[in-house]
Amino acid sequence: MDGADAPSPKVEVYLDHAASTPLRPEARAALRSWLGEDGAVVGNASSSHAAGRRARVAVEEARERVATALGAHPHDIVFTSGGTEADNLAVKGLAWAGAESGRRHLVVSAVEHPAVRDAASWLADAQAFTVTWVAPDADGTVPVDAILDAVRDDTAVVSVMTANNELGAVNDVATLADALADHPAALHTDAVQAFATLPVDLGHLRVDALALSAHKFGGPQGVGVAYLRRGVPIVPIAHGGGQDRGVRSGTFAAALDAACAAAVEAATLDRAELASRLPGWTDRLSAVLTTLHGVRRNGPADPARRLASHLHLSIDGVEGEALTFALDQAGVRASGGAACSSGSARASHVLEAAGVDGDAALRLSLGWTTTDEEVERATALVPEIIAKLRAGEAVT
Ligand code: PLP
């Protein structure tokens, strides 16, 4: 078959940055150098010989760079295997520390990622903690008053995400943190989805714990950050060598930590520009798609309360998995809800809690590599595919 007859490869339109983002060049360069590509052995950062000391320098430099970008002290930064571990460490570790002084109650929003939600449920089911679940408003935001109303004298942990992964709804964590400043409960926020487009300044934000995941802002998969404010008691969730502050055990992942720091810095540098560029595209997609009958935009109407990167739609007359499959066939990578819990065709707990209806949910999430061309292709392809599916036509 000569070149002219070969089927043209479909242009990939990647609109699933909320699930995972392409690696930034700065992160790739850090990975390459700290994986030992230049021939130098990267030792175990806990070893005292030269190879170990080199790795230790990589880890400590990475910690300092992350701390500087977040407005935190390096001692407050613990590297983890990702957002899931950072959330588990915060929720369980702070809850166990609270229990040591007799506090066994948690306040958790009903729209948390499973990394928080299931950790809290497990504490209730297996560990005799009590959880008060706080419902969101219909736009997915969690009212600060409702959280504060749920807090009791014996509350050990309050956990409210900075922004929701499905609806992109942004919560007023700063007001919550100020209101809880004099309460012994520890405040944790999952900022995994927010970090790419919303500034995080821990010099001013009075949370006790915060979770990040590098692959959501151009870093590699398998590394994240738990910010744990100094002086806030926490019990480790895994036993071992206690390498990181005695709170997190496991050999330091020097290359991943360095790449995470590079991504944190790069994301911090281009965040403002990204946050001002993306809404033009999400609004354009929304404007085109919501002219179709039976298509509605979900999440907050106020742009200040929703992530610049996320567009969430309800679509009637199509089946969710068929839609994302057909989009994928056409080269459009998108999510029917949240990729992290995909595999289940059930409505997500987030959409249920916010009372979002519709036959199918479609999340289009944009990020640092998104181009005009991708957005234009999506505005053409998504309506075409919805029309074909509704007409019962095959999508190839
Ligand atoms: N928290 C939120 C809000 C997320 O969206 C995700 C992943 O999608 C996680 C936590 C888990 O992060 P990781 O994939 O790094 O474990």
Side-chain angles (χ1 to χ4, degrees), residues 14-23 27 66 77-93 108-122 136 140-142 157 159-171 173 188-198 200 207 209-227 237-238 248 250 253 256-257 259-261 263-264 267 299 306-312 333-344 348-351 353-354 361 363-367:
Y14 188 75
L15 298 180
D16 207 9
H17 284 252
S20 205
T21 54
L23 197 63
V66 170
I77 303 300
V78 170
F79 288 107
T80 65
S81 60
T84 298
E85 186 191 339
D87 279 333
N88 270 267
L89 177 56
V91 174
K92 294 179 192 162
V108 182
S109 96
V111 291
E112 295 298 304
H113 186 273
V116 166
R117 183 173 176 252
D118 293 0
S121 294
W122 176 80
T141 58
V142 184
V157 184
S159 187
V160 178
M161 66 205 317
T162 306
N164 181 258
N165 42 307
E166 294 184 48
L167 294 169
V170 174
N171 292 313
V173 177
H188 168 59
T189 190
D190 173 336
V192 166
Q193 291 286 326
F195 190 72
T197 54
L198 288 181
V200 172
V207 295
L210 178 142
L212 296 180
S213 170
H215 74 105
K216 308 290 186 176
F217 50 85
Q221 296 169 350
V223 59
V225 171
Y227 162 81
I237 56 172
R248 202 257 180 177
L256 288 174
D257 297 352
C260 175
V264 164
R306 66 182 181 223
L307 291 178
S309 43
H310 286 48
L311 170 62
H312 192 280
R333 318 295 177 225
S335 168
C340 311
S341 54
S342 66
S344 94
S348 84
H349 69 280
V350 174
L351 303 186
R363 180 186 69 184
L364 302 175
S365 53
L366 287 56

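Just so it is clear, the model here is predicted, and its values are computed rather than measured. Just so you know, ligand 1 is whichever comes first in the structure, and atom 1 is the first atom listed for that ligand.
Only side-chain heavy atoms of Asn165 come within less than 4.0 Å of ligand 1; its backbone N, CA, C and O stay farther off. The proximity of Asp87 to ligand 1, defined as any non-hydrogen pair under 4.0 Å, is limited to the side chain.
Val111 pairs by the side chain to side chain contact (heavy atoms under 4.5 Å, CB included) definition with Ser109, Pro136, Val142, Met161, Asn164, Val350, Ala353, not counting sequence neighbours. By the side chain to side chain contact (heavy atoms under 4.5 Å, CB included) test, Ala86 is found to be paired with Thr80, Ala211, Ala226, residues two or more places apart in sequence or in another chain being considered.
In this structure, Glu112 does not count as a contact residue of ligand 1, since none of its heavy atoms falls inside 4.0 Å of the ligand. At least one heavy atom of His215 sits under 4.0 Å from some atom of ligand 1.
Remark: Asn165 CG to Asp190 CG distance equals 7.5 Å, nearest 0.5 Å.
Near Met161, with a cut-off below 4.0 Å to any heavy atom, the atoms of ligand 1 are 3 (C). Close approach of ligand 1 to Gly82 is summarised as follows: ligand atoms under 4.0 Å from at least one heavy atom of the residue are 15 (O).
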**Item:** Worked check of side chain to side chain donor-acceptor pair (under 3.5 Å) between His113 and Gln193
**Value:** CA-CA 10 Å; His113 186 273; Gln193 291 286 326; over 6 Å; no
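Inspection of the Thr189 and Thr162 side chains reveals an N or O donor paired with an N or O acceptor under 3.5 Å. Neither side chain, His17 nor Ser365, offers a donor N or O lying under 3.5 Å from an acceptor on the other.
Ligand 1 has an N or O atom lying under 3.5 Å from an N or O atom of Gly83, backbone or side chain.
Closest heavy-atom approach to atom 7 (C) of ligand 1 within the set Gln221, Glu85, Glu166, Lys216: this belongs to Lys216. The closest non-hydrogen atom to atom 10 (C) of ligand 1, taken over Asp190, Asn164, Asn88, Val111, comes from Asp190.
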